[in-house]
Amino acid sequence: MLSKLAVRNAKRSIKDYIIYLITVTLAFSFIFAFNLISDAKSIVELSSMMQNFKLAMYFVNAFIILVICFLINYTTKFMFQKRSKEFGTYMLLGIQKKKIARMFTLESLILGFISLIISFGIGYVLNIIMTYIIMNIFDAPFSVDITFSWKAVLLSFLYFAIIYLIVLFFLRRRIKKMKIHDLLYYEKQNEKTSKLKKYRGLIFIVAIFLGIVAIDTFDREFRAVEVNPSFGTIMLCLILIIISIYGVIYSLGDFILSFVLNNKKIKYRGNNLFVARTFSSKVRSMSFTLGTLTVLITLTLICLNLSGLFKGMFEYQINTYAPYDIVIADDEEKFGEYIDLVDGEYTIKESIFYNTYKNTNNAVKKVIDSELNGWRDFDQLIKLSDYNKLLEMRGMEAVTLENNEYILHVSRGYEGFKNNRELESITLDNGIELQQKLFTSYKYTTSWAYGGGYVVVVPDYAVENLDVVENHLVINTEEETTEKFAQKLVGFAEPDFCEEDEYGYMVCYSLSSITVRGQEVANNNGLMTICLFVCYYIAIIFTTIVGTILAIQSLSDATKYKYRYQVLNKLGVDKRKLNKTIFKQLSIFFIFPVIYPIIVSFFTINSLNRVFKIALVSDTTYLSYFGISLVLFFGIYLIYFIATYFGYKKNISD
C-alpha cells in the first residue's frame, strides 16, 4: 500500500517540482557527458596535455557531487516541510514512523532515478556538442561517435548512489526525530531566527567593512608582479568575503525595509510598502540559504571571469612563444641536417639563419630589474637586417634605423620602462653609442632571443667585434606542424643537448631551444580546453542550482501569499497591477543575491588582471571578459526568472 502511495506521490511531485527535476536532470546530464568525453579515445589523443583532462573531470565531479547533494538535500527538506501535515496525519492514523520514512525515501529515489535515466539521453547529446567544440578548438575532424561507454554509465550510477545515500541518510535521520506535533506545525517553521536581531545595523556595517578589507588585501597581493601572492593570505581573503556575504545578506533586508519606512515618498508610492515588507520577511526567514546562494553566485562569476582570462592568455601566448612554425637554437653546422629533416616532412615556405649577440655592458639590463629579465646575465642584440626578415615572415612592416639609433623591443611586462631616461642612449661593448628610436612591445616573441624579456635591435655594423650568443634557424612551412613531429625533432636534437652525468643519469640542457608551433598549439589548446570546460561546468551547475532554489521558494510562496493578493484585488487593485507587483517582488528577490557577487567579482578580476595582463592583448581586455561573463550568467538566470514569474502568476490565479 505504501509503495503504491509512494508512486502516486512521486507522480504528483513531478508536477509540483518540475523546475527542480529539470535542474537535477541537467546536473546528471553534464556529469554523464563529461564522463563520456573524458573517456573518449579521440579526445585524449588530441594532445599529450589532454591526458590530464580525465583527472580534472574526476576532481571537478567530486566537487559537483557535494554541490548537488546540497541542492537535493535542500529540496528534499523543502518537500518534506510542505508535506509535514500529511505525514503527521499518517502518524495519527497509526502508521509507524519508519514506514513513513521508507515511503518518502522511495518517493525521492523514484524522482531521482527518473532524472538519472532521462539524463543519459540528454547527456549523450551534450557529449556530441562538447566533442564538436573541443574538435573545433584543435581544428581536428569531427564525427559523431555512436559507441557506448559502460564506464561512463557506471560512474554516473556511482555518483547517483553517493549523492542519494548522503541525502537520504539525513532525511531518515530528520524524520526519526520528528513527533506528531512537530510534523503538524513544521510547515510554519522557517530558518532559526538569530538573537542578534537588534544588532543587524551593526552587523551590516561590520560585514561591509570586512568585505572592503578582504578585497583590498586581495588586490595588494597582485599589485607588484614580482611578488608571489601568498596562498594563506588569499584563503584568508576568501574566508572574510564569505563572512561578509552572510553578514550583508542577514542584515540588508531590515536595512532596506527601514529605509522604505522612513521615506514617506517611497513608502506610499504604488505598492512599495507591500513589496518591501514581503521582501524583508522573506530575507529574514531564509537568510542563511540566501547567503549560501550568494556565495555560489560569487564563485560562478569568478569562474566565468577566469575562463575568459585563461582563454585570452592562451590565445595570446601562442603568437608570443611560437609565431613561426619551427624555431631552433643550435650550432649552425647542424642547420643543414635540421632542414633536411623538416624538408622530409613538410614543404618549406621560407627560412632564415641569424645570430644573436652578447653585450656584457648590460646597458639595458642594469635598468630593467633582473628579477623580471629571465636567466640571461647580459643584453641580447640582433641585427636590423635579420630583424626585418623576421618581421616580414610574420607579415609585419620593416623598420629603418640611422647609424646611431636602436630599437628596444620588449614583452608587455616591461612597458613601464617606456619613458625611462636611462634607456635614451646605450653604449655597447665595442664602444658604439646608440640613441633609442623606438620602444615597443607590439607582437614581441621570445623566439627572437631566448632567456630574456627583450631584444635590442641595432644597425648591422654595430655588432662588429661582439660575441655571438646563439645561432638561430627559423622556418615557416606550407603545412601545419604537429606535436608528433616536434617529438621527432627533439629526439633528433637530443644528442646535442644531453649528456651522461657522473652517476650515469642522462641530463638534458636547453631542449626548450626547439619550438614547434604545432606542439605549442596542441599544449595550449589542451590547457585551454581543461580550464574552459572546468570553469563553465562549475558555473553552469552553480547557476542552475541557484535558479532552482529561488524558483522553488518563490513558487511555494505563491500559495502562501495567495490570500494577500486576493485582498489586494478586493481593495481595487486590478490584474495588471497585481502582475506588476508580482514582477517587482520576484525581480527584487532574484536580483538581491546577485548585486554583491557582481561587485566582488569585478574587483577580483581587476586584481587578477595585474598578473594576466602581460599575456593579454591589452590592459583592458579583462573588461570584455567581465561583460561576457555577466551576459552568460544572466542568460541562464533569466530563464529561471521567467519560468518562476509565469508559474507564480498561474499559482496566484488558480
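These numbers come from a predicted model, not from an experiment.
Judged by distance alone, the side chain of Thr482 and the main-chain N or O of Phe485 form a donor-acceptor pair under 3.5 Å. Using a distance-only test at 3.5 Å, with no hydrogens or angles considered, no donor-acceptor pair links the side chain of Ser244 to the main chain of Leu240. Side-chain atoms of Glu337 never come within 3.5 Å of backbone atoms of Lys334 as a donor-acceptor pair (strictly under, hydrogens ignored). Without hydrogens or angle criteria, Asp331 side chain to Asn471 main chain gives no donor-acceptor distance under 3.5 Å. A donor-acceptor distance shorter than 3.5 angstrom exists from the side chain of Asn420 to the backbone of Glu422, with no hydrogens or angles considered. Panel note: side chain Tyr324, backbone Leu390; a donor-acceptor pair is recorded below 3.5 Å. Although no hydrogens or angles enter the test, the distance criterion places no donor-acceptor pair under 3.5 Å between the side chain of Asp386 and the main chain of Tyr354.
Taking the ring-ring contact (aromatic ring centres under 6.0 Å, His included) definition, one finds that Phe30 meets it with nothing, sequence neighbours left out. For Glu464, the side-chain contact (heavy atoms from CB on, under 4.5 Å) partners are Tyr461, not counting sequence neighbours. Listed by chain and residue number, Lys488 satisfy the side chain to side chain donor-acceptor pair (under 3.5 Å) test with Glu345 (two or more places apart in sequence, or in another chain). Listed by chain and residue number, nothing satisfies the side chain to side chain donor-acceptor pair (under 3.5 Å) test with Glu332 (two or more places apart in sequence, or in another chain). Applying the side-chain contact (heavy atoms from CB on, under 4.5 Å) test to Phe353 and every residue at least two apart in sequence or in another chain returns Phe335, Ile339, Leu473. Scanning for side chain to side chain donor-acceptor pair (under 3.5 Å) contacts around Thr320 gives an empty result, with sequence neighbours left out. Looking at residues two or more places apart in sequence or on another chain, you find no side chain to side chain donor-acceptor pair (under 3.5 Å) involving Ser351. Take Lys311 and apply the side-chain contact (heavy atoms from CB on, under 4.5 Å) test, not counting sequence neighbours, and it matches Glu315, Met528, Leu532. Taking the side-chain contact (heavy atoms from CB on, under 4.5 Å) definition, one finds that Ile239 meets it with Ile243, sequence neighbours left out.
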Begin from the C-alpha positions of Thr481 and Asp325 and carry the test side chain to side chain donor-acceptor pair (under 3.5 Å) through to its verdict.
CA-CA 7 Å; Thr481 53; Asp325 291 323; 4.6 Å; no
Begin from the C-alpha positions of Phe533 and Ile134 and carry the test side-chain contact (heavy atoms from CB on, under 4.5 Å) through to its verdict.
CA-CA 9 Å; Phe533 273 70; Ile134 294 175; 3.5 Å; yes
Begin from the C-alpha positions of Phe378 and Val469 and carry the test side-chain contact (heavy atoms from CB on, under 4.5 Å) through to its verdict.
CA-CA 10 Å; Phe378 49 81; Val469 179; 3.5 Å; yes
Begin from the C-alpha positions of Tyr637 and Phe633 and carry the test ring pair (Phe, Tyr, Trp, His ring centres under 6.0 Å) through to its verdict.
CA-CA 6 Å; Tyr637 202 60; Phe633 169 76; 4.9 Å; yes
Given side-chain contact (heavy atoms from CB on, under 4.5 Å), test Val327 with Tyr321 step by step and report yes or no.
CA-CA 10 Å; Val327 180; Tyr321 294 103; over 6 Å; no
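Between Phe218 and the choices Leu608, Leu238, Leu236, the side chain to side chain contact (heavy atoms under 4.5 Å, CB included) rule is met once, by Leu608. Checked against Tyr357 for a side chain to side chain contact (heavy atoms under 4.5 Å, CB included), the options Val458, Val456, Asn465, Leu466 give a single hit: Leu466. Screening Met393, Arg394, Lys443 for a side chain to side chain contact (heavy atoms under 4.5 Å, CB included) involving Pro323 leaves a single residue, Arg394. Between Phe34 and the choices Tyr58, Tyr537, Phe59, the ring pair (Phe, Tyr, Trp, His ring centres under 6.0 Å) rule is met once, by Tyr537.
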Let me have the donor-acceptor pairs involving side chains of residues 296-309, under 3.5 Å, with sequence neighbours excluded, atom names and distances please.
unit_1: Thr298; atom_1: OG1; unit_2: Thr294; atom_2: O; d: 2.8
unit_1: Thr300; atom_1: OG1; unit_2: Leu296; atom_2: O; d: 2.8
unit_1: Asn305; atom_1: OD1; unit_2: Ser629; atom_2: OG; d: 2.9
unit_1: Asn305; atom_1: ND2; unit_2: Leu301; atom_2: O; d: 3.1
unit_1: Ser307; atom_1: OG; unit_2: Leu304; atom_2: O; d: 2.5

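Among pairs with a residue in residues 527-536, none fulfils side chain to side chain donor-acceptor pair (under 3.5 Å), at least two apart in sequence or across chains. For the side chain to side chain donor-acceptor pair (under 3.5 Å) condition, the pairs that include at least one residue of residues 426-442, sequence neighbours left out, are Thr360-Asp429, Thr400-Lys437, Tyr406-Gln436, Glu415-Ser441.
Other residues, nucleotides and ligands place more than 12 heavy atoms under 6.0 Å from the CZ atom of Phe439. For CD of Glu397, the number of neighbouring non-hydrogen atoms (other residues, nucleotides, ligands) closer than 6.0 Å is 12 at most. Heavy atoms from other residues, nucleotides or ligands lying under 6.0 Å from CD of Glu479 number more than 12.
For the pair Arg517/Ile318, a side-chain contact is recorded, criterion being any heavy-atom separation below 4.5 Å from C-beta on. Proximity of Trp448 to Val474: side-chain heavy atoms (C-beta onward) are nowhere separated by under 4.5 Å.
Atoms CG and NZ, on Asp379 and Lys366 in that order, are 9.0 Å from each other to the nearest 0.5 Å.
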